[in-house]
Amino acid sequence: MQEAQSNLSLAWLDRLRRALTLPPGDLLRDAVYRRLWSSILISSLGGQVTMLALPLTAAVLLNASPTQMGLLTTMEILPFVLFSLPSGVWLDRVRKLPVYVWGETLLAVAVATVPLAAMMGWLSMAWLYVVGFVLGTVYTTAGSAAQIVLTQVVSRDRLVEAHAKNALASSGAEVAGPGLAGMLIKLMGAPMALAVDAVLVLISALILRGIKVQEELHKAEDSHFWRDLKAGVHFVRERALLIALACTVGGWQLFNNAAQVVQILFATRTLGLSAQQVGLSYVALGAGTVLTSVLGHRISRRLGPGPCLVLGVAVTGLGWLLLSLAPLGPLGIAAFAFMLFTFGVGAVLIFINFLSLRQAVTPAPMLGRMTSTMRWLILIPAGPGALAGGWLGEHLGLRSALLFAGVGTLLLGLLAWRSPVLRSVRELPTPEEEDEEAQLGAEAMPGPGFETQTDGLAGRVSSK
């Protein structure tokens, strides 16, 4: 009997060991990618603190109105509209990894000013608006650089897998982060909790400094800033797939930001949740992203990247619609958690396919300008969406903003499904033959040996 139990225990241990052992060829076996993945995990953990602490500082400590919450979100989005296109031309002329590292450092400094201002008695909505603008500027430049660093450490045929693994790093933080954020907010207050994010982002920047990528800059003699900028816009305009992606994800950003500006207000003022309870509810968001990060690559292979993206749009819309109709009490709290779960599922399905499709179809010399142009296009609707959500929440009630987001997103998903361009994409495309236009401003071509040195590695996922 004891021998049988011993054999059973050994069998379970052996099964656990096999489950924890990375299979041959796994992306995490590569030291460069593993370092990047670790940086994403740590930065995402800090980001979870900011995601809750910053709006809670505005909503609870500064008693912000829905319109002010909308303005706070708009200030973070405004730099994308102002700087995305010129930053893309600039990124195609410089090395991307240093931009990524310095961006993380500036992010830490900006976040750290909030607890400092609170301690000195200076904190106000105007201060948060400035911090939001700085954060948006960092996301505009360093965020684009981070996405291009991906293509320097991963082969194009593994982009969906890479984005799914990076989403798993982010979603792991989303499981642990909200609980940590709730505890920190309860112990230290929302502004002081942001100091923890600043420390974590600095650690992330230090990890990134140890990454080595080969990027040889090739200065074009006839390069011209505005001509190169227009070449990037023209590249996107001439490709039906990129236009379809920009319209679909841009429309989703409009409704997403309309919902985001009222979610915390709805949880605290309508459902009566405390800051710590809001943090615990956000664990459902992490559960949704973990589940989809694990299964997203397989779902995308089965359905195709285009249909999988459309499915993600519809899933997020369902969550907002159900929350807008939910009653008060335990059912309302459950609906709030369910909305966060569906958002986690849908957002991962959207962005692992959106990022992979746009990168797969773009030749290397155009990656910077394509990335900035696409981010500019999808975030132009985000500011009006945030303002619309704030206006609806203040004048017609918080539920009306959620209803607007839910119904609008479901209709958007229906329209996207009717688009043959997205519906027919069943596998990742390949870049078209590079022409003279694609070579304009091609200062950041990968150096010799790029394909062999980066085969099998991966990069970073971003929702912007």
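- Between Q260 and T73, the side chains place no donor N or O within less than 3.5 Å of an acceptor N or O (distance only, hydrogens not considered).
- The backbone N or O of V101 lies less than 3.5 Å from a partner atom in the side chain of T105, making a donor-acceptor pair.
- Formation of a donor-acceptor pair under 3.5 Å by the T268 side chain with backbone atoms of I264 is found in this model.
- Side-chain contact between P307 and W417: present, with at least one pair of heavy atoms (C-beta onward) separated by less than 4.5 Å.
- Remark: R237 CZ is packed, more than 12 non-hydrogen atoms of other residues, nucleotides or ligands lying under 6.0 Å away.
- For V310 against L422, the heavy-atom pair with the smallest separation is CG2-CD1, 4.3 Å.
- Within the 3.5 Å criterion, the main-chain N or O of L392 finds a donor-acceptor partner in the side chain of S400.
- For the side chain to side chain contact (heavy atoms under 4.5 Å, CB included) with R358, the lone residue among V249, L242, V236 that qualifies is L242.
- How far CG of L295 is from OG of S300: 12.5 Å, rounded to the nearest 0.5 Å.
- Put simply, the side chain of I350 does not reach to within 4.5 Å of the side chain of V315, judged on heavy atoms.
- Atom CH2 of W102 has 12 or fewer neighbouring heavy atoms from other residues, nucleotides or ligands inside a 6.0 Å radius.
- Looking at T342, its side chain does come within 3.5 Å of a backbone N or O of M339 through a donor-acceptor pair.
- Between the side chain of S39 and the backbone N or O of R35 there is no donor-acceptor pair closer than 3.5 Å.
- Counting heavy atoms from C-beta on, the side chains of V313 and T248 come closer than 4.5 Å.
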Please tabulate, for side-chain N and O atoms in residues 318-328, each donor-acceptor pair with protein atoms closer than 3.5 Å (sequence neighbours left out).
residue	atom	partner	partner atom	Å
W320	NE1	Q263	OE1	3.2
S324	OG	L321	O	2.6

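- T113 contributes a side-chain N or O that, together with a main-chain N or O of A110, makes up a donor-acceptor pair within less than 3.5 Å.
- Between the R375 side chain and the Y139 main chain, a donor and an acceptor come within less than 3.5 Å of each other.
- If you look at W90 and F83, their ring centroids are not closer than 6.0 Å.
- Taking CD1 of I207 as the start and OG of S43 as the end, the distance is 9.5 Å to the nearest 0.5 Å.
- If you run side chain to side chain contact (heavy atoms under 4.5 Å, CB included) between F336 and each of T270, L273, L331, only L273 comes through.
- Using a 4.5 Å heavy-atom threshold, the side chains of L128 and L123 count as touching.
- Side-chain atoms of T67 do not come within 3.5 Å of backbone N or O of W391 as any donor-acceptor pair.
- Inter-residue side-chain proximity for L72 and Y129 is flagged as met; some heavy-atom pair is nearer than 4.5 Å.
- Taking the side chain as every heavy atom from C-beta outward, L379 and Q253 approach each other to under 4.5 Å.
- Under the 4.5 Å side-chain criterion, counting only non-hydrogen atoms from C-beta, L309 is in contact with L245.
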Next on the checklist: Checking W127 against T57 for the side chain to side chain contact (heavy atoms under 4.5 Å, CB included) test, could you report, in this order, the C-alpha distance in whole Å, the side-chain angles of both residues, the deciding distance, and whether it holds?
Outcome noted: CA-CA 11 Å; W127 190 287; T57 298; over 6 Å; no
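- No side-chain donor-acceptor contact under 3.5 Å links T292 to the backbone of T289.
- Atom CD1 of I378 sits about 12.5 Å away from atom CG of L254, to the nearest 0.5 Å.
- Side-chain atoms of R239 come within 3.5 Å of backbone atoms of F235 as a donor-acceptor pair (strictly under, hydrogens ignored).
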